[in-house]
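One structure is given below, encoded as structure tokens.
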Amino acid sequence: MGRERSDFEPPKRLEFKGDARTYFGIWLTNIVFTLLTLGIYSAWATVRTRRYFYGNTYLDGYAFDYTAKPTTILKGRAIAFAILLSVAIADYFVSGLGNLVWLAILPFIPWLLCRSLRFRARVTMWRNVRFHWRGSYGGVFVMYFLWPLVAIVSLGFLAPFAWRATRRYIGENLSFGRAGFSTDLPVGPFYNVWVAAGFSYLGLFVISLCVFLAISLLLTVGFDIRHISLDENVRIHAGATLIIVGSLFPLFIVPLLIKIGIRRPLLNGLSLQGGHRFSSNLSLGSLFGVLVINTLAIIVTLGFAYPWAAMRLWRIQAEAISVIPAGPLDSFIDQETMRGDVVSSEFAELEGFEFGL
């Protein structure tokens, strides 16, 4: 029934209308005020940034909204800072005591993460209808502690199963208004991301190592021409440094490739109550190219290209997503609005940890 109705309801593709020049001003202001306030303004900077990106992302002509209060985010970060400070102080006065403090705090971390996910969903709106997330302490513990342990013990071979389990749990506990999401996630596409990430790392490592070795060779030749001899230890240390740099460069790209890449199989297997489905045509090749160029641009410009890079990355992700309606979206939104909000206004007040879809 849903597929028949979608024949006369064409897919609705997300559209991003932001521009790098405007965001550069926001970004620069955020940095200046964060430094002047010793980091306190970072909560306001987060809200300004997300409101700009969400507010310039449109679906069916309507923009998304981010409604978080900076003071709420500041509370979460203060708690995170207090945890880290207590561990550092304990370890400073008694060697090894910091580890005991971590063990004491560990049972509370799934609770913090659970509230964080609820908060992130709750402050996201589209057409005045909020998202909600209803996961539990136990589910979050399995999702962020046990499944990563399985991935590590298997030397990474079961990592795609961990990614799928995590995304399935998040997706199936998410709702838009009262309409719940469901997932159908085969593990094959997650292994495609895993293989692509492995080859990307090896390729980037070889390329970056060759580039750095070529630079080293040119410098050595230059020294030889000027009859400047380099100590053997200096050459060894320089070579080791180049290898380390060559191995670190891909680490700026590959984790992002994985994080963003696994959203495609999630979206392609995601559906909303009523038969509305989602689709993403973001290719790993195009994503990889954007990430490489962004990283190089940020390095070459000493960070000043970050706003441009952030806009490119957000745009390629957003505009690859389509909603395939099972019927008129206006009717669906009207129905959800009339059903009202199911979560009390006293919702979660912690953020501090960045997790989500």
Side-chain angles (χ1 to χ4, degrees), residues 26-27 29-54 64-125 130-149 162 166-167 169-171 173-175 255-256 259 310 341-357:
I26 295 173
W27 172 76
T29 303
N30 287 345
I31 290 179
V32 171
F33 279 95
T34 298
L35 292 174
L36 290 176
T37 60
L38 301 179
I40 294 176
Y41 187 79
S42 65
W44 280 260
T46 296
V47 171
R48 289 188 69 203
T49 298
R50 289 181 180 161
R51 283 182 179 168
Y52 181 78
F53 278 93
Y54 284 40
F64 288 83
D65 194 11
Y66 183 77
T67 63
K69 295 179 180 179
T71 51
T72 302
I73 295 177
L74 188 61
K75 291 176 187 177
R77 292 183 177 174
I79 291 174
F81 178 76
I83 291 173
L84 295 175
L85 185 62
S86 64
V87 172
I89 292 175
D91 210 45
Y92 176 79
F93 285 104
V94 181
S95 179
L97 184 60
N99 294 330
L100 295 178
V101 175
W102 271 122
L103 288 175
I105 294 172
L106 193 61
F108 296 97
I109 292 181
W111 178 77
L112 291 171
L113 296 178
C114 191
R115 295 192 60 162
S116 167
L117 288 165
R118 290 177 184 173
F119 178 84
R120 287 292 300 273
R122 174 71 177 160
V123 298
T124 304
M125 296 178 63
R130 293 184 184 275
F131 289 82
H132 304 288
W133 193 77
R134 298 176 179 81
S136 65
Y137 177 97
V140 171
F141 178 80
V142 172
M143 182 170 59
Y144 284 115
F145 288 88
L146 295 189
W147 269 113
L149 182 62
T166 300
R167 267 56 193 179
Y169 184 77
I170 294 176
N173 282 282
L174 186 68
S175 64
L256 267 178
K259 181 180 178 180
D341 226 338
V342 296
V343 179
S344 166
S345 59
E346 297 298 323
F347 57 89
E349 294 187 351
L350 294 176
E351 183 173 50
F353 300 94
E354 299 298 328
F355 293 102
L357 292 174

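Between the side chains of R77 and T46, at least one donor N or O lies within less than 3.5 Å of an accepting N or O.
At a threshold of 4.5 Å between non-hydrogen side-chain atoms, the residues V142 and Y169 do not count as touching. L74 has its side chain within reach of W44: a pair of non-hydrogen atoms, C-beta onward, lies under 4.5 Å apart. Put simply, the side chain of F145 reaches to within 4.5 Å of the side chain of I109, judged on heavy atoms. Residues K69 and K75 have side chains not in contact (no heavy-atom distance under 4.5 Å, counting atoms from C-beta outward). Considering only heavy atoms from C-beta on, Y137 comes within 4.5 Å of P107 through its side chain. Considering only heavy atoms from C-beta on, I89 comes within 4.5 Å of L85 through its side chain. Between M143 and N173 the shortest side-chain heavy-atom distance does not fall below 4.5 Å. Between F108 and I83, the closest side-chain pair of non-hydrogen atoms is not below 4.5 Å.
Atom CG of L100 and atom CG of D91 lie 9.5 Å apart (nearest 0.5 Å). The structure places CZ of R134 at 13.5 Å from CG of L117, a figure rounded to the nearest 0.5 Å.
In terms of heavy-atom proximity, A121 sits nearest to L174 at CB-CD1, 4.0 Å. A43 and P70 make their closest contact through CB-O, 3.4 Å (heavy atoms, listed as atom of the first residue, atom of the second, distance). Among all heavy-atom pairs drawn from Y66 and I73, the shortest one is OH-CD1, 3.7 Å. What you find for A310 and F53 is that their closest heavy atoms are O-CE2, 4.1 Å. Across every non-hydrogen atom of T34 and N30, the tightest pair is OG1-O, 2.6 Å. Between L97 and A90 the shortest heavy-atom distance is CB-O, 3.5 Å.
Side chain of R51 to main chain of A68: a donor-acceptor pair is present (N/O by atom type, distance under 3.5 Å, no hydrogens or angles). Without hydrogens or angle criteria, Y41 side chain to V32 main chain gives no donor-acceptor distance under 3.5 Å. Counting only distance, with no hydrogens or angles, the side chain of S116 and the backbone of L112 share no donor-acceptor pair below 3.5 Å. Here the side chain of R122 pairs no donor or acceptor atom with the backbone of W133 at under 3.5 angstrom.
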Should R115 and W111 be marked as a side-chain contact (heavy atoms from CB on, under 4.5 Å) after you check the CA-CA gap, both sets of side-chain angles, and the distance that decides it? CA-CA 6 Å; R115 295 192 60 162; W111 178 77; 3.0 Å; yes
R48 vs T29, side chain to side chain donor-acceptor pair (under 3.5 Å): CA-CA, chis, key distance, verdict: CA-CA 10 Å; R48 289 188 69 203; T29 303; 4.6 Å; no
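Not counting sequence neighbours, Y54 has no partner by the side-chain hydrogen bond (donor to acceptor under 3.5 Å, both in side chains) test.
For F33, the CZ atom is loosely surrounded, since the number of other residues' heavy atoms within 6.0 Å does not exceed 12.
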